[in-house]
Amino acid sequence: MPSPIEDYALIGDCHTAALVSSEGSIDWLCLPRFDSPSMFGALLGTEDHGCWTVRPADARATASRAYLDDTFVLETVWTTPDGQVRVTDLMPHGDRRADVVRRVEGLSGTVAVDVEVRLRFGYADAIPWVRQLPDGSGIVAVAGPDAVVVRGVHLTASDHAHSATVEVSAGDTVDLTLTWYPSHREVPDPVDVGPRIDHTIAWWRDWASRCDPADEYEEAVVRSLLVLRALTHEDTGGIVAAATTSLPESFGGVRNWDYRYVWLRDASLTLEALMQHGFTEEAHDWRRWLLRAIAGDPNDLQIMYGLAGERHLVEEELDSLPGYLGAAPVRVGNGAYTQYQGDVFGSVMIALDEARSVGLADDDFSWSLQRALLGVLEEHWNRPDRGIWEVRGDEQHFTHSRAMIWAALDRGVRAVREHGMDGPVERWEALRETLRETIERENVDHARGCYVQHAGTTEVDASLLVLAQIGYVAPDDPRMLATVAAIEEDLLQDGLLLRYRTTSGVDGLPGDEHPFLACSFWLVQQYAASGRLDDARELMDRLLSFRNDLGLLSEEYDVQQARQVGNTPQALSHLTLVRAADAIAAATATPSTSPRTVTKR
């Protein structure tokens, strides 16, 4: 049985990531990329679906764990009646290999440590052929295109698992390593563990040292920015939405999706968060990724892509994994890639406008592509879509989508008026105004004076909070304040925001879900920007209390069971945390210029 979602730590090398439970088991690992098939899949089943456990043999052992400051190097100290050992878990960075290192060090006494490896390639669909290394120091496992070598101790086979028990005394060090490689190649050389640990610690700390967050939430912001970096594929610049697939939005339910891809929306917001904290190199890499991914006919723009810009993300349901605590189906791929979502045009244009503001100049290719995207909007600005939440019900004229299209046009106008780019600016300005008039006429509940989820309904949606963030409306505009009041009345559940009321039937899916953490962080941002600073801090502090002991957040939160829910760690949760902290800092530091005085563009 897998651990609670909040019990998992992330380790990663900026190409992929592993989840390590508080019980010392790696229950999720896909190599060599985030979106590769799993070789450890116990997270979505049981230990028989693949895991790697390193922990004291004594069942009475207790553990305390923490990341080394500003890194994704995990240290777990195990205490038993016979002594203490420390396990250091990491994926080494920068050596162009796919390695996992688990160093066991004796701190006091003598501790018997159990090591068990259950390799299951291809989402637990393939049990590999395993042979011993000639010197008895480990095993080589092969299945189809994949191979791994596990080194460090002599492992004995039993019931498709390989295990050993090692006596570790004070001063002893036992280095366990796993290396993936294509099965047609030779077995890689062993990892030079000590130097790789030192390099990885130094690399993470150097990256984090460039961040200068506000003091009030410094620790939370730095850790969240580190999460965003860990979810960025170093070679391509693509930013995945989460490290996992199919962790349920409701325990036992069917709302289980694969998040190991690059959503233009989430990646754009991540880029904004990184740029606002000085990480321009990542902005440059992401912009290059974006331009490669969306190059071609702008009418073919997708809402998401693979890590290298792959377009076909066909959704499949797996029989080989039973799902997290039985929440089925387990899905790989994501059928939403075929949806039309007009808001992604705004996400892209806003991010590229931010890139301009931090000094990343457009070249001919970059700006011509943006002009082409705006040309598509000129033709399709009034097309209904599936919206930010990727509903699988009927297409609608979602307010958030229309406002984001407005923002795309607005940023195009700014590129011409403020940055000297060329384009039919008068035409864009006229369409921008037409769109505003359409929203104010069709996407408002005139009885309550608030914006609504989509034209033709009186339902509200948490995504309406974004309207103030993108400059469509001032945070203290009467219509925005009325929208906040309606959202508080209709969507607050146990003090947290739902995305929308699933009972409305708009998403076309059965079942329910828990409060979506990003929505509550949006509410923090709105509170701070509209002068409700005490409410902002109160909600922010509560949200931060939902992080696990390592500062990680998943997608949603079950208040009744005090459990994290959904894919983890979730980029959208962490980037909205950063933006919420920044909003509180801005409202605190410069009240005279707070967004209460912002005028409509």
Side-chain angles (χ1 to χ4, degrees), residues 10 12-17 30-37 224-247 257-275 279 281-296 298 300-316 331-352 354-355 366 369-370 373 386 388-390 404 518 555 566-576 578:
L10 180 85
D13 61 1
C14 298
H15 291 89
T16 188
C30 303
L31 287 171
R33 301 196 333 176
F34 292 103
D35 57 352
S36 299
S224 291
L225 291 170
L226 283 163
V227 169
L228 299 179
R229 184 63 186 90
L231 295 176
T232 302
H233 190 265
E234 191 164 60
D235 286 349
T236 68
I239 305 169
V240 298
T244 57
T245 179
S246 299
L247 289 180
W257 314 110
D258 193 346
Y259 276 17
R260 299 170 300 154
Y261 305 111
V262 186
W263 270 254
L264 292 189
R265 178 191 309 109
D266 293 15
S268 298
L269 290 168
T270 298
L271 175 65
E272 289 181 61
L274 290 170
M275 285 190 293
F279 295 103
E281 180 180 342
E282 287 72 16
H284 187 265
D285 289 345
W286 181 85
R287 192 177 70 171
R288 287 189 300 179
W289 177 91
L290 174 71
L291 297 175
R292 292 193 306 270
I294 67 176
D300 296 332
L301 181 73
Q302 295 183 183
I303 67 165
M304 71 175 83
Y305 296 85
L307 284 166
E310 296 91 346
R311 301 180 63 85
H312 296 287
L313 309 177
V314 178
E315 185 174 302
E316 301 177 73
R331 295 181 172 96
V332 298
N334 197 306
Y337 83 95
T338 62
Q339 292 184 356
Y340 172 72
Q341 295 175 22
D343 69 291
V344 300
F345 291 88
S347 298
V348 168
M349 292 298 293
I350 290 171
L352 293 175
E354 290 280 345
S366 169
L369 196 53
Q370 292 169 67
L373 293 178
R386 303 287 182 179
I388 183 175
W389 305 129
E390 299 169 4
M404 292 298 287
E555 181 181 27
N567 284 304
T568 194
Q570 180 82 1
L572 190 58
S573 297
H574 283 281
L575 72 88
T576 51
V578 173

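Note that the coordinates shown come from a computational prediction; the quantities given were computed from them, not determined experimentally. Note that the numbering runs from 1 along the sequence shown for the chain.
Below 30°, between 30° and 60°, or above 60°: for His15 and His233 the angle between ring planes is above 60°, a perpendicular geometry. Ring orientation note: the planes of Trp263 and Tyr259 are nearly perpendicular, at an angle over 60° on the 30°/60° scale.
Checked by atom type and distance alone, the side chain of Asp35 never pairs as donor or acceptor with a backbone atom of Arg260 at under 3.5 Å. Panel note: side chain Glu315, backbone Gly335; a donor-acceptor pair is recorded below 3.5 Å. Remark: the backbone N or O of His312 is not paired with any side-chain donor or acceptor of Glu310 at under 3.5 angstrom. Using a distance-only test at 3.5 Å, with no hydrogens or angles considered, no donor-acceptor pair links the side chain of Ser36 to the main chain of Cys30. Looking only at distances, a side-chain donor or acceptor of Arg292 sits under 3.5 Å from a matching main-chain atom of Thr236. With Tyr261 contributing its side chain and Gly333 its backbone, the two residues share a donor-acceptor pair below 3.5 Å. Between the side chain of Thr16 and the main chain of Leu31, no donor-acceptor pair closer than 3.5 Å is present. A side-chain donor-acceptor contact under 3.5 Å links Gln370 to the backbone of Ser366. Judged by distance alone, with hydrogens and angles left aside, the side-chain atoms of Asp258 form no donor-acceptor pair with the main-chain N or O of Asn334 at under 3.5 Å.
The only member of Leu271, Ile239, Thr270 that meets side chain to side chain contact (heavy atoms under 4.5 Å, CB included) when paired with Leu228 is Thr270. Exactly one of Asn567, Asp266, Leu231 qualifies for a side chain to side chain contact (heavy atoms under 4.5 Å, CB included) with Val240. That residue is Leu231.
At a threshold of 4.5 Å between non-hydrogen side-chain atoms, the residues Met404 and Arg265 do not count as touching. Put simply, the side chain of Tyr340 does not reach to within 4.5 Å of the side chain of Arg386, judged on heavy atoms. Using a 4.5 Å heavy-atom threshold, the side chains of Glu282 and Glu234 count as separate. Leu264 has its side chain within reach of Leu301: a pair of non-hydrogen atoms, C-beta onward, lies under 4.5 Å apart. At a threshold of 4.5 Å between non-hydrogen side-chain atoms, the residues Leu572 and Glu555 do not count as touching.
Annotation for Glu390 and Ala336: closest pair OE1-CB, 3.6 Å, computed over non-hydrogen atoms. What you find for Met275 and Ala351 is that their closest heavy atoms are CE-O, 3.6 Å. Between Leu373 and Pro298, the shortest heavy-atom contact is CD2-CB, 4.0 Å. Nearest approach of Ala267 to Val262, heavy atoms of both residues: CB-CG1, 3.8 Å. In plain terms, the two heavy atoms of Ala273 and Leu225 that are nearest each other are O-CD2, 4.2 Å. Here the shortest heavy-atom pairing between Ala230 and Leu10 reads CB-CD2, 4.0 Å.
The OH atom of Tyr337 sits 11.0 Å away from the CD1 atom of Ile303 when rounded to the nearest 0.5 Å. Atom CG of Leu269 is separated from atom OG1 of Thr576 by 9.0 Å, given to the nearest 0.5 angstrom. With rounding to the nearest 0.5 angstrom, the CD atom of Gln570 is 7.5 Å from the OG1 atom of Thr244. The CD atom of Gln302 lies 11.0 Å from the CD1 atom of Ile294; values are rounded to the nearest 0.5 Å.
In this model, no donor atom of one side chain and acceptor atom of the other lie less than 3.5 Å apart for Ser268 and Glu272.
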Open item on the list: Show, in sequence, the C-alpha distance, side-chain angles and deciding distance for Leu274 and Trp286, and conclude whether the side chain to side chain contact (heavy atoms under 4.5 Å, CB included) test is met.
Closed with: CA-CA 11 Å; Leu274 290 170; Trp286 181 85; over 6 Å; no
